[in-house]
Amino acid sequence: MRDRLMQDILDHEGIQWVALIGPDALPIANAPDNPDAESIVANWHGLDLLAPETPAKMMIRTNETILLSNRVDENRILLAVASQAVNVGSARSILQDAAARILDLP
């Protein structure tokens with residue numbers, strides 16, 4: 001079921017890569033395969049720790065991509081890498097929905 005949810009996120013126009021980050025700052029799952037997944041996730045986890053409070057959502061925009069995250073629970077985060085052409089509001093809704101559905105998985 002988790003793989004299907006990850007694929008649903010990827011099917012959204014503009015989403016290029018998605019990962020479920022665990023409490024150890026390592027990807028639990030990611031799609032499609034990315035040789036840099038552990039580095040991307042570790043960097044995102046570091047940014048998440050810099051926030052004075054635990055953020056439910058974060059977004060970083062670079063010249064080439066947009067990175068969006070949505071907290072699943074205290075220990076897990078969904079991270080999506082998207083193109084500049086992504087509809088940010090729609091992508092946030094999809095991440096939020098997927099996070100809620102992942103939370104209900106065993």
Side-chain angles (χ1 to χ4, degrees):
M1 180 68 172
R2 183 178 61 210
D3 292 338
R4 179 66 189 144
L5 288 171
M6 303 279 280
Q7 187 59 50
D8 286 349
I9 296 168
L10 276 176
D11 289 344
H12 182 68
E13 186 176 339
I15 302 289
Q16 301 168 337
W17 184 75
V18 65
L20 179 61
I21 303 171
D24 53 1
L26 292 172
I28 295 170
N30 65 55
D33 286 334
N34 185 331
D36 296 325
E38 288 186 13
S39 297
I40 294 167
V41 167
N43 284 322
W44 193 262
H45 188 73
L47 290 171
D48 189 60
L49 291 175
L50 288 175
E53 296 179 9
T54 305
K57 300 175 184 179
M58 285 196 331
M59 180 179 97
I60 294 179
R61 183 183 303 262
T62 70
N63 288 337
E64 298 174 13
T65 60
I66 296 174
L67 292 94
L68 299 159
S69 73
N70 199 101
R71 188 163 294 283
V72 173
D73 57 24
E74 209 173 283
N75 296 314
R76 298 175 294 170
I77 300 169
L78 265 176
L79 171 65
V81 176
S83 70
Q84 288 285 346
V86 73
N87 178 324
V88 173
S90 179
R92 281 192 179 280
S93 292
I94 287 171
L95 280 177
Q96 185 173 357
D97 179 59
R101 291 168 49 197
I102 286 173
L103 184 60
D104 294 336
L105 294 177

Atom pair [atom1] ([X]) and [atom2] ([Y]), whose distance is rounded to the nearest 0.5 Å:
X   : Y    : atom1 : atom2 : answer
I94 : N70  : CD1   : CG    : 12.0 Å
I21 : L26  : CD1   : CG    : 10.0 Å
L78 : Q96  : CG    : CD    : 11.0 Å
L95 : I102 : CG    : CD1   : 9.0 Å
E64 : S83  : CD    : OG    : 11.5 Å

Any donor-acceptor N/O pair, N43 side chain to S39 backbone, under 3.5 Å:
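Checked: pair present.
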Flag, side chain of W17 to backbone of A82, donor-acceptor distance under 3.5 Å
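Side chain of W17 to backbone of A82: no pair is present.
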So do [Y] and [X] actually touch side chain to side chain, heavy atoms under 4.5 Å?
X   : Y   : result
L67 : M58 : no
K57 : L68 : no
I40 : L79 : yes

Scan for salt bridge (Lys or Arg N to Asp or Glu O under 4.0 Å) pairs involving residues 8-31, sequence neighbours excluded, and state none if there are none.
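Only R4-D8, D8-R101 qualify under salt bridge (Lys or Arg N to Asp or Glu O under 4.0 Å).
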Take atom CD in E38; do more than 12 heavy atoms of anything else shown fall under 6.0 Å from it?
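Count not over threshold, so no.
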Nearest heavy atoms of [X] and [Y], plus distance in Å:
X   : Y   : answer
R71 : A99 : O-CB, 3.9 Å
S69 : R92 : O-NH1, 4.5 Å
D36 : N34 : N-OD1, 2.8 Å
R2  : A29 : NE-CB, 3.9 Å

Q16: partners by side chain to side chain donor-acceptor pair (under 3.5 Å), with sequence neighbours left out:
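Not a single residue meets the side chain to side chain donor-acceptor pair (under 3.5 Å) criterion with Q16.
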Not counting sequence neighbours, which residues clear side chain to side chain donor-acceptor pair (under 3.5 Å) with T62? List them please.
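Listed in chain order: T65.
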Tell me whether [X] shares a hydrophobic cluster with [Y], the cluster being built from Ile, Leu, Val, Met, Phe, Trp, Tyr side chains joined at under 4.5 Å.
X   : Y   : result
L47 : I66 : no
I15 : W44 : no
I77 : L5  : no
I28 : V81 : no

